[in-house]
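The chains referred to below are lettered A, B, ... by the order of the sequence lines, with proteins before strands, and numbering in each begins at 1. What you see below is based on every heavy atom in this structure, not just the backbone, and it leaves out hydrogens, waters and symmetry mates.
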2 protein chains.
Amino acid sequence: MVEFEPDRFRWVQVADILRQRIADGTYGPKHLLSEVLLMQEFGVARGTLRKSMKLLRDEGLIYTVPNLGSFVTPRDQAAEQGDDSTE
Amino acid sequence: MVEFEPDRFRWVQVADILRQRIADGTYGPKHLLSEVLLMQEFGVARGTLRKSMKLLRDEGLIYTVPNLGSFVTPRDQAAEQGDDSTE
DNA sequence: CTTTATTTGTCCGTATGTATG
DNA sequence: ACATACATACGGACAAATAAA
């Protein structure tokens with residue numbers, strides 16, 4: 001459960017937590033940011049979470065594929081070159 | 001087509017109708033409660049119908065098998081012995 | 001074994017209504 | 001009047017499992 005400060009808007013606090021997780025590396029480039037899971041985790045409504053997601057999307061931290069999900073934007077796409085080939 | 005009262009939520013009214021049909025015997029133990037068919041019959045969205053189904057499932061009136069369908073919970077499982085349908 | 005159809009599970013996008021500050 | 005926050009309700013789209021041909 002997440003503690004929310006009454007002074008700051010919830011959707012701002014949620015966005016702040018998500019932003020930190022992205023910077024922290026908790027959410028990798030392939031991590032799915034599901035609205036349903038996140039709204040359950042934070043205990044907020046969908047509209048609230050979507051507002052947070054919109055902020056992160058506006059910042060370029062995540063990108064959303066309609067009917068699929070939202071994912072973390074890779075910081076360096078070129079880094080994929082030197083990586084594997086097993087895929 | 002089903003008439004919905006504006007005062008009560010649709011998913012509650014749908015659940016009420018389905019509950020009555022189960023008690024009525026319209027839906028037997030082997031009857032498949034298809035989401036697609038029911039949403040077409042009641043003229044509601046899938047999310048609405050799924051909410052009604054969740055309520056009935058929570059009440060124990062129906063059970064849902066993933067990727068298969070939802071069925072009416074037999075009141076008396078032993079009754080299946082002496083009872084057999086033309087199927 | 002492959003294909004097709006059916007069904008549930010889950011995802012996002014959108015709009016509306018209600019309550020609160 | 002306005003923004004926040006929640007719940008309801010609609011729609012479309014994709015994935016996975018099951019059953020049947």
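- Atoms CG and CG, from B/L32 and B/L68 in turn, are 8.5 Å apart once rounded to the nearest 0.5 Å.
- We find the CE-CG distance between A/M53 and A/L18 to be 7.0 Å, quoted to the nearest 0.5 Å.
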Could you go through the side-chain contact (heavy atoms from CB on, under 4.5 Å) check for B/I62 and B/F71 one step at a time?
CA-CA 6 Å; B/I62 65 174; B/F71 308 90; over 6 Å; no
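- Remark: A/L55 CG to A/F9 CZ distance equals 13.0 Å, nearest 0.5 Å.
- Between A/Q20 and A/I17, every side-chain heavy-atom pair lies at or beyond the 4.5 Å cut-off.
- Residues forming a side-chain hydrogen bond (donor to acceptor under 3.5 Å, both in side chains) with A/S70 (at least two apart in sequence, or on another chain): A/T64.
- Looking only at distances, no side-chain donor or acceptor of A/E35 sits under 3.5 Å from a matching main-chain atom of A/R50.
- To the nearest 0.5 angstrom, B/L33 atom CG is 9.0 Å from B/L49 atom CG.
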Base contacts versus sugar-phosphate-only contacts with protein, heavy atoms under 4.0 Å: please encode nucleotides 16-21 of chain D as B, S and - from 5' to 3'.
BBS---
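- In terms of hydrophobic clustering, with Ile, Leu, Val, Met, Phe, Trp and Tyr side chains grouped at heavy-atom distances under 4.5 Å, A/F4 and A/L56 are assigned to a common cluster.
- Against DNA chain C, the stretch residues 6-19 of chain A makes no heavy-atom approach under 4.0 Å.
- For B/T48 (side chain) and B/W11 (main-chain N/O), no donor-acceptor pair under 3.5 Å exists by modelled atom type.
- Between A/L38 atom CG and D/dA5 atom P there is a gap of 16 Å when expressed in whole angstrom units.
- Within residues 45-53 of chain A, the residues that place at least one heavy atom under 4.0 Å from DNA chain D are, in residue-number order, A/A45, A/T48, A/K51.
- Think of the region where chain B sits on DNA chain C: with heavy atoms and a 4.0 Å cut, that region ends 5' and 3' at C/dT7 to C/dT10.
- Within the shown strands, C/dT6 is the pairing partner of D/dA17 under the Watson-Crick or G-U definition, both distances less than 3.5 Å.
- The side-chain heavy atoms of A/Y63 and A/V72, taken from C-beta on, include no pair separated by under 4.5 Å.
- Nucleotide D/dC6 holds its C1' atom 17 Å from the CZ atom of A/F42, rounded to whole Å.
- Applying the salt bridge (charged side-chain N to carboxylate O under 4.0 Å, His left out) test to pairs two or more places apart or on separate chains, those with a residue in residues 10-24 of chain A are A/D16-A/R19, A/R19-A/E59, A/R21-A/E41.
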